[in-house]
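FYI, the numbering just counts along the sequence from 1.
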Amino acid sequence: VLSFIFIGLMSMMIPLCDVFGALIAVCLIMGLFDGCFISIMAPIAFELVDTQDVSQAIGFLLGFMSIPMTVGPPIAGLLRDELGSYDVAFYLAGIPPLIGSAILCFIPWIHSKKQRETDKTTGGEKMETMLENQNSLLSNSSGILKKESDSVI
């Protein structure tokens with residue numbers, strides 16, 4: 001999430017760089033966080049899919065990422081032709097990573113919500129199974145039901 005935030009912010013800061021040194025600093029920071037994103041991609045893919053499908057998942061992810069990288073430069077060129085500057089293209093390029101990072105922040109909340117629903121469902125099923133097992137034990141007994149003491153001190 002932090003990688004996406006910094007990639008988006010650094011993309012938006014490129015038009016604000018008046019000095020070449022500032023542009024170098026922005027590009028270094030952006031490259032650092034882009035490297036962090038690429039390096040964490042494989043462990044996340046391992047966690048999400050089986051080991052047999054990891055290469056296909058990473059390939060699909062990189063293929064999906066290639067679409068905006070292919071379509072983006074011609075759109076930036078059209079924006080420059082219309083507006084006379086690349087500034088808007090850089091600002092627009094920073095928006096999708098920021099939106100993506102905001103969406104990624106909701107994943108733990110959605111996961112915990114689904115986990116609670118699963119726990120409620122399996123908890124009810126476990127209780128029903130326990131009751132069925134108890135009833136079957138009682139029906140299979142010799143008919144003599146012993147009353148157990150309510151508390152043991």
**Request:** With sequence neighbours excluded, tell me which residues meet side chain to side chain contact (heavy atoms under 4.5 Å, CB included) with V1.
**Result:**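 V1: side chain to side chain contact (heavy atoms under 4.5 Å, CB included) contacts with I5, S101, L104, C105.
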**Item:** Residue list, side chain to side chain contact (heavy atoms under 4.5 Å, CB included) with L32, at least two apart or on another chain
**Value:**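 Side chain to side chain contact (heavy atoms under 4.5 Å, CB included) list for L32, sorted by chain: empty.
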Hey, can you pull the donor-acceptor pairs under 3.5 Å for the side chains in residues 6-22, sequence neighbours left out?
| from | atom 1 | to | atom 2 | distance (Å) |
| --- | --- | --- | --- | --- |
| S11 | OG | I7 | O | 2.9 |

Just verifying a value: how many Å separate [X] [atom1] and [Y] [atom2], rounded to the nearest 0.5 Å?
{"X": "S3", "Y": "M30", "atom1": "OG", "atom2": "CE", "result": "11.5 Å"}
{"X": "I110", "Y": "Q115", "atom1": "CD1", "atom2": "CD", "result": "14.0 Å"}
{"X": "I40", "Y": "L2", "atom1": "CD1", "atom2": "CG", "result": "11.5 Å"}

**Asked** Do any pairs count as a side-chain hydrogen bond (donor to acceptor under 3.5 Å, both in side chains) and have a residue in residues 52-71, sequence neighbours left out, and if so which ones?
**Response**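 The answer is none; no pair qualifies.
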Please output the side-chain donor-acceptor pairs of residues 71-80 that fall under 3.5 Å, not counting sequence neighbours, one pair per line with the distance.
none

**Prompt:** Cluster question for you: counting only ILVMFWY and a side-chain heavy-atom cut-off of under 4.5 Å, with indirect links fine, are I107 and L61 together?
**Reply:**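 Yes, same cluster.
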**Same apolar cluster (I L V M F W Y, side chains within < 4.5 Å links), M69/I67** =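 The answer is no; the residues belong to distinct hydrophobic clusters.
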Distance-only donor-acceptor pairs under 3.5 Å for side chains of residues 90-100, two or more places apart:
none

**Request:** Decide side chain to side chain contact (heavy atoms under 4.5 Å, CB included) for M65 and L62; before the verdict, give the C-alpha distance in whole Å, the side-chain angles of both, and the deciding distance to 0.1 Å.
**Result:** CA-CA 5 Å; M65 287 170 48; L62 291 173; 4.3 Å; yes
**Prompt:** Tell me the ring pair (Phe, Tyr, Trp, His ring centres under 6.0 Å) pairs involving residues 38-80, sequence neighbours left out?
**Reply:**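 The answer is none; no pair qualifies.
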**Request:** For F37, enumerate each residue passing the ring pair (Phe, Tyr, Trp, His ring centres under 6.0 Å) test, keeping only those at least two apart in sequence or located in another chain.
**Result:**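 With neighbours one apart ignored, the set is F4.
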**S85: partners by side-chain hydrogen bond (donor to acceptor under 3.5 Å, both in side chains), with sequence neighbours left out** =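 S85 satisfies side-chain hydrogen bond (donor to acceptor under 3.5 Å, both in side chains) with D87 only.
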**Prompt:** Looking at residues at least two apart in the chain, or sitting in another chain, which of them share a side-chain hydrogen bond (donor to acceptor under 3.5 Å, both in side chains) with D34?
**Reply:**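 For D34, no residue satisfies side-chain hydrogen bond (donor to acceptor under 3.5 Å, both in side chains) once neighbours in sequence are set aside.
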